[in-house]
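Side chains are part of it too, since the values below use all heavy atoms of this structure and drop only hydrogens, waters and symmetry mates.
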Amino acid sequence: MSAPGRPLVRPRRLRRTAALRDAVAEVHVHPEHLILPLFVVGGQGRDTEIASLPGVSRLSVDRLLPLAERALRAGVRSFVLFGVVDDDAKDALGTRADDEQGPVPRALRALREAFGDDAVLLTDVCLCGYTDHGHCGVLARGRPNAAELVVDNDRTLLRLAAMAVAHAAAGADVVAPSDMMDGRVAAIRGALDDAGAFEVGILSYAVKYASAFYGPFRDAAGSSPGGAAADHHDVAGGPRPPADRATYQMDGRNLREALREAALDEAEGADMLMIKPALPYLDVLARVRAATTLPLVAYQVSGEYAMLKAAARAGVLDEVGAQREALVAIRRAGADLIVTYAAIEAAEGGWLA
Ligand code: PBG
């Protein structure tokens with residue numbers, strides 16, 4: 001026994017020096033754990049900053065290449081591509097989503113040519129950036145005389161499968177459906193296999209909550225439901241597009257449902273699963289981690305990133321410290337990989353853990 005007032009066990013011993021703390025650290029965040037989102041537009045020489053997402057731009061393919069090269073040099077080897085098309089190229093079916101000359105297939109071919117297999121190329125598969133109503137699927141009349149249209153799950157599957165096949169043909173390593181339709185992993189797997197794309201993987205956004213934290217992304221991708229391009233859907237007296245994504249993205253109150261979604265997507269053939277957003281849903285991430293052996297990806301979404309930037313700009317938080325802590329928390333909760341807009345800053349700044 002120790003003398004009274006003298007602790008026998010002293011956890012502080014292992015916190016005494018930085019070298020000791022590093023030696024016993026339980027998780028690390030390395031550049032190869034990070035996935036950089038890229039917003040791709042058509043044309044040449046385009047670089048448009050996104051006001052609500054500081055430091056992030058929409059780039060044409062020629063401008064994308066130097067940024068990807070910079071990321072690779074810093075050790076960030078994975079990218080997820082989001083296509084952005086002009087409003088006048090959008091329609092009710094999201095026809096441009098599977099256009100082989102669209103921004104994402106063009107970017108895939110250019111990135112692959114430039115970097116070969118050094119880069120891991122993922123693509124977001126979802127219709128919301130290509131539909132004029134801004135929804136992630138095709139709309140249809142549900143019940144007669146209903147005031148709102150509904151998202152037609154099964155017709156949407158055909159569009160998503162076509163989009164995934166177009167991305168695979170252009171060189172994607174992994175397609176990442178983020179639409180939250182039921183059965184889309186199986187539909188996409190079937191279509192990829194029919195096209196001979198057996199080696200192309202699926203990262204399913206299995207657990208994606210309807211979240212207010214996606215706001216800045218929707219500015220970046222021009223994909224708000226009911227956004228500018230949606231106006232002509234407001235036919236007087238006719239059914240309106242749904243005002244939000246609550247009928248397909250998950251309800252933030254549900255945890256068991258997350259396990260169900262994850263199990264379904266695994267059974268349908270997903271190679272990796274996404275949990276999204278990250279920080280407000282770390283409990284969900286930890287529970288899914290315990291329930292599957294698949295690699296897990298967490299998405300530090302636009303609102304999470306923008307919030308830290310705004311707090312730092314207001315002088316309220318130390319950005320580097322807060323961002324490092326957030327990324328560590330996401331890894332500690334069970335993520336193998338993290339999608340983050342801060343990937344390059346974090347890797348170049350050498351402030352990862
Ligand atoms: C497309 C999609 C969204 C995000 C990723 N893919 C937006 C949405 O569902 O509205 C959000 C990413 C972010 O906020 O950074 N469906």
Crowding at CZ, Arg21 (>12 non-hydrogen neighbours, <6.0 Å): yes

Non-hydrogen side-chain atoms of Glu26 and Arg332 separated by less than 4.5 Å: no

Linked, directly or transitively: Ile330 and Val320 (ILVMFWY side chains, under 4.5 Å): yes

Taking every non-hydrogen atom, the tightest pair across Tyr214 and Gln249: CE1-OE1, 3.6 Å

Point-to-point distance, once rounded to the nearest 0.5 Å, from OH of Tyr130 to CZ of Arg159: 10.5 Å

Salt bridge (Lys or Arg N to Asp or Glu O under 4.0 Å), paired with Asp265, selected from Lys208, Arg184, Arg189: Arg184

Ion pair check, Asp86 and Arg46, cut-off under 4.0 Å: yes

Within one Ile-Leu-Val-Met-Phe-Trp-Tyr cluster: Leu81 and Leu72, side-chain cutoff 4.5 Å: yes

Hydrophobic cluster membership, Leu282 vs Leu34, 4.5 Å side-chain cutoff: yes

Joint hydrophobic cluster, Leu36 plus Leu111, side-chain heavy atoms closer than 4.5 Å: yes

Gap separating the CE atom of Met272 from the CG atom of Leu203, nearest 0.5 angstrom: 5.0 Å

Check: Cys136 and Met180 side chains under 4.5 Å, non-hydrogen atoms: no

Exceeds 12 heavy-atom contacts within 6.0 angstrom, atom CZ of Arg287: no

Inter-residue atom distance Leu93.CG - Thr131.OG1, 0.5 Å rounding: 9.5 Å

Val339 vs Val297 side-chain heavy atoms within contact, under 4.5 Å: yes

OH (Tyr248) with more than 12 external heavy atoms under 6.0 Å: yes

Minimum-distance pair of heavy atoms, taken over all atoms of Ser302 and Gly215: OG-N, 4.3 Å

Closest heavy-atom pair and its distance - Tyr281, Gly252: OH-CA, 3.9 Å

Glu148 atom CD: more than 12 heavy-atom contacts under 6.0 Å: yes

Set of side-chain contact (heavy atoms from CB on, under 4.5 Å) partners for Val61, sequence neighbours left out: Val40, Arg106, Ala107, Ala110

Within-4.5 Å side-chain heavy-atom neighbours: Glu268 and Ser204: no

Side-chain ion pair, Glu345 and Lys309, N-O less than 4.0 Å: yes

Greater than 12 external heavy atoms within 6.0 Å of Glu49's CD: no

Inter-residue atom distance Asp22.CG - Thr17.OG1, 0.5 Å rounding: 8.5 Å

Residue pair Pro54 / Arg313, side-chain heavy-atom distance below 4.5 Å: yes

Over all atoms of both residues, closest heavy-atom pair of Glu304 and Tyr299: OE2-O, 3.3 Å

Ionic contact status for Asp118 with Arg112, cut-off 4.0 Å: no

Stepwise side chain to side chain donor-acceptor pair (under 3.5 Å) check, Asp91 with Thr95: CA-CA 7 Å; Asp91 60 24; Thr95 301; 2.5 Å; yes

All ring-ring contact (aromatic ring centres under 6.0 Å, His included) counterparts of Phe39, not counting sequence neighbours: Phe82, Phe217

Test applied, side-chain contact (heavy atoms from CB on, under 4.5 Å); reference residue, Arg289; option that passes from Ile275, Asp336, Val284: Asp336

Min side-chain heavy-atom separation Val174-Val200 under 4.5 Å: no

Heavy-atom side-chain proximity of Leu139 to Pro242 below 4.5 angstrom: yes

Nearest-0.5 Å distance, CG of residue Asp318 to CD of residue Glu325: 10.0 Å

For the student: nearest non-hydrogen atoms of Leu327 and Ile338, plus distance: O-CD1, 3.6 Å

Leu64 and Phe79, any side-chain heavy atoms less than 4.5 Å apart: no

Spacing of CD belonging to Glu32 relative to NE2 belonging to His30, to within rounding of 0.5 Å: 6.5 Å

Minimum heavy-atom distance between Val85 and Gly129, given as atom pair plus value: CG2-O, 3.6 Å

Whether Asn254 side chain and Glu257 backbone form a donor-acceptor pair below 3.5 Å: no

Single-linkage hydrophobic cluster, 4.5 Å side-chain cutoff, Leu160 and Val165 together: yes

